[in-house]
Amino acid sequence: MWDFKSHRSDYNKVFKSIKRQLNWDANWQNADLLYQQLCKDKAFKKELFRKAIHLSSLWIPAAIYFMPKIVLIPILLIILVGNVILEYGNFKKYPWARKSFGVLFFRTLRNKETSREHFQFTGAIYVLASALLCLCFFGKEVAAIALTVMLISDSAAALVGRSIGKVKIYKNKTLEGTLAFFLTAVIINLLFFPIYPFGWGSVIACLVATLAEVYEDKIEIDDNLSVPIFFSVILTWL
């Protein structure tokens with residue numbers, strides 16, 4: 001029969017040991033949760049900075065609508081060629097290019113974009129390319145709406161998905177971020193109603209643009225290019 005009194009000291013030692021272990025595990029879990037939260041906050045702040053730069057390109061749809069094509073096309077083409085030369089120079093590690101590229105773009109790049117073994121364009125090139133294509137092949141109203149949707153809805157999807165996104169629907173895409181893209185795209189089309197009619201074609205175009213953003217890796221086209229092109233095609237045809 002167990003003699004509790006004679007073994008009380010042993011019992012206390014075991015109890016204290018277990019208590020210390022539980023406290024250590026709890027503190028470790030709290031520290032791990034804090035670290036994860038700090039990493040999430042840092043990633044969100046970086047994404048916020050990226051999208052602020054992304055939204056600064058809203059001058060492009062404004063220029064598409066208000067400036068003559070004959071003036072704007074050469075301007076966009078010069079900027080596009082200059083960006084390609086700068087990015088390639090950075091990839092080849094030319095000192096002048098690396099310094100300029102670092103100042104302009106480094107804080108906006110994701111990790112996968114800074115560790116490429118082969119030369120690839122950044123999102124800025126695709127934004128300029130999509131602007132040129134939309135300007136050349138579609139009406140200025142459609143092109144302006146398409147570029148605005150790409151710039152604003154993509155930013156909304158990323159920020160909402162990173163901040164409150166919980167339900168994963170495809171890889172790192174969340175239901176909340178996807179809904180944010182679609183709803184902001186529809187709102188943008190409604191705001192453009194005075195210069196372009198809003199109807200079911202607009203809603204379908206927004207849906208196609210949303211799917212192009214979600215399944216970017218499936219279609220293997222950067223969403224800065226696929227979203228405005230697909231949107232413009234659907235809106236024009238319907």
Side-chain angles (χ1 to χ4, degrees), residues 50-51 54-70 72-73 76-77 79-80 120-161 165 167-238:
R50 278 175 53 85
K51 295 311 176 184
H54 196 59
L55 290 173
S56 69
S57 297
L58 281 170
W59 70 268
I60 297 177
I64 287 175
Y65 185 75
F66 290 107
M67 292 179 64
K69 285 187 178 183
I70 195 171
L72 185 57
I73 288 176
L76 291 175
L77 193 57
I79 298 174
L80 174 62
Q120 291 180 314
F121 296 137
T122 62
I125 298 296
Y126 290 107
V127 170
L128 291 165
S130 63
L132 278 167
L133 290 172
C134 289
L135 186 60
C136 291
F137 295 103
F138 304 100
K140 67 176 185 178
E141 295 87 358
V142 172
I145 298 171
L147 268 295
T148 304
V149 166
M150 181 269 290
L151 292 168
I152 294 180
S153 297
D154 179 69
S155 299
L159 296 178
V160 170
V167 182
K168 293 288 182 69
I169 58 174
Y170 180 74
K171 294 189 175 180
N172 65 331
K173 306 294 184 178
T174 64
L175 176 63
E176 294 84 353
T178 301
L179 287 175
F181 187 105
F182 178 73
L183 292 176
T184 53
V186 171
I187 292 171
I188 290 167
N189 277 261
L190 286 169
L191 293 175
F192 273 90
F193 179 72
I195 65 171
Y196 196 88
F198 179 85
W200 284 111
S202 302
V203 176
I204 294 172
C206 293
L207 179 59
V208 171
T210 303
L211 294 175
E213 195 275 335
V214 172
Y215 296 105
E216 176 187 6
D217 64 327
K218 289 287 187 181
I219 59 179
E220 297 182 352
I221 303 175
D222 189 278
D223 60 356
N224 291 319
L225 182 60
S226 63
V227 167
I229 296 300
F230 289 174
F231 179 91
S232 298
V233 169
I234 298 299
L235 194 60
T236 301
W237 285 357
L238 298 180

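Note that the coordinates shown come from a computational prediction; the quantities given were computed from them, not determined experimentally.
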For a quick test of reading the model, state the closest non-hydrogen atom pair linking [X] to [Y] and the distance between them.
X      : Y      : result
Ser130 : Asn224 : OG-O, 3.2 Å
Gly165 : Glu176 : CA-OE1, 3.5 Å
Glu216 : Asp223 : OE2-N, 3.2 Å
Leu133 : Phe138 : O-CD1, 4.3 Å
Val214 : Tyr170 : O-CD2, 3.6 Å
Lys69  : Cys136 : NZ-O, 4.3 Å

I'd like to check [X] versus [Y] (side-chain heavy atoms, cut-off strictly below 4.5 Å). Are they in contact?
X      : Y      : value
Pro228 : Val149 : no
Ile60  : Ile64  : yes
Ile221 : Tyr126 : no

Whether Ser153 side chain and Ala185 backbone form a donor-acceptor pair below 3.5 Å: yes
CA sep, side-chain torsions, deciding dist, call: Val186, Ser202, side chain to side chain contact (heavy atoms under 4.5 Å, CB included): CA-CA 7 Å; Val186 171; Ser202 302; over 6 Å; no
Could you grab the distance from atom [atom1] of [X] to atom [atom2] of [Y], nearest 0.5 Å is fine?
X      : Y      : atom1 : atom2 : answer
Ile125 : Leu225 : CD1   : CG    : 12.0 Å
Ser226 : Met150 : OG    : CE    : 9.5 Å
Glu213 : Asp154 : CD    : CG    : 5.5 Å

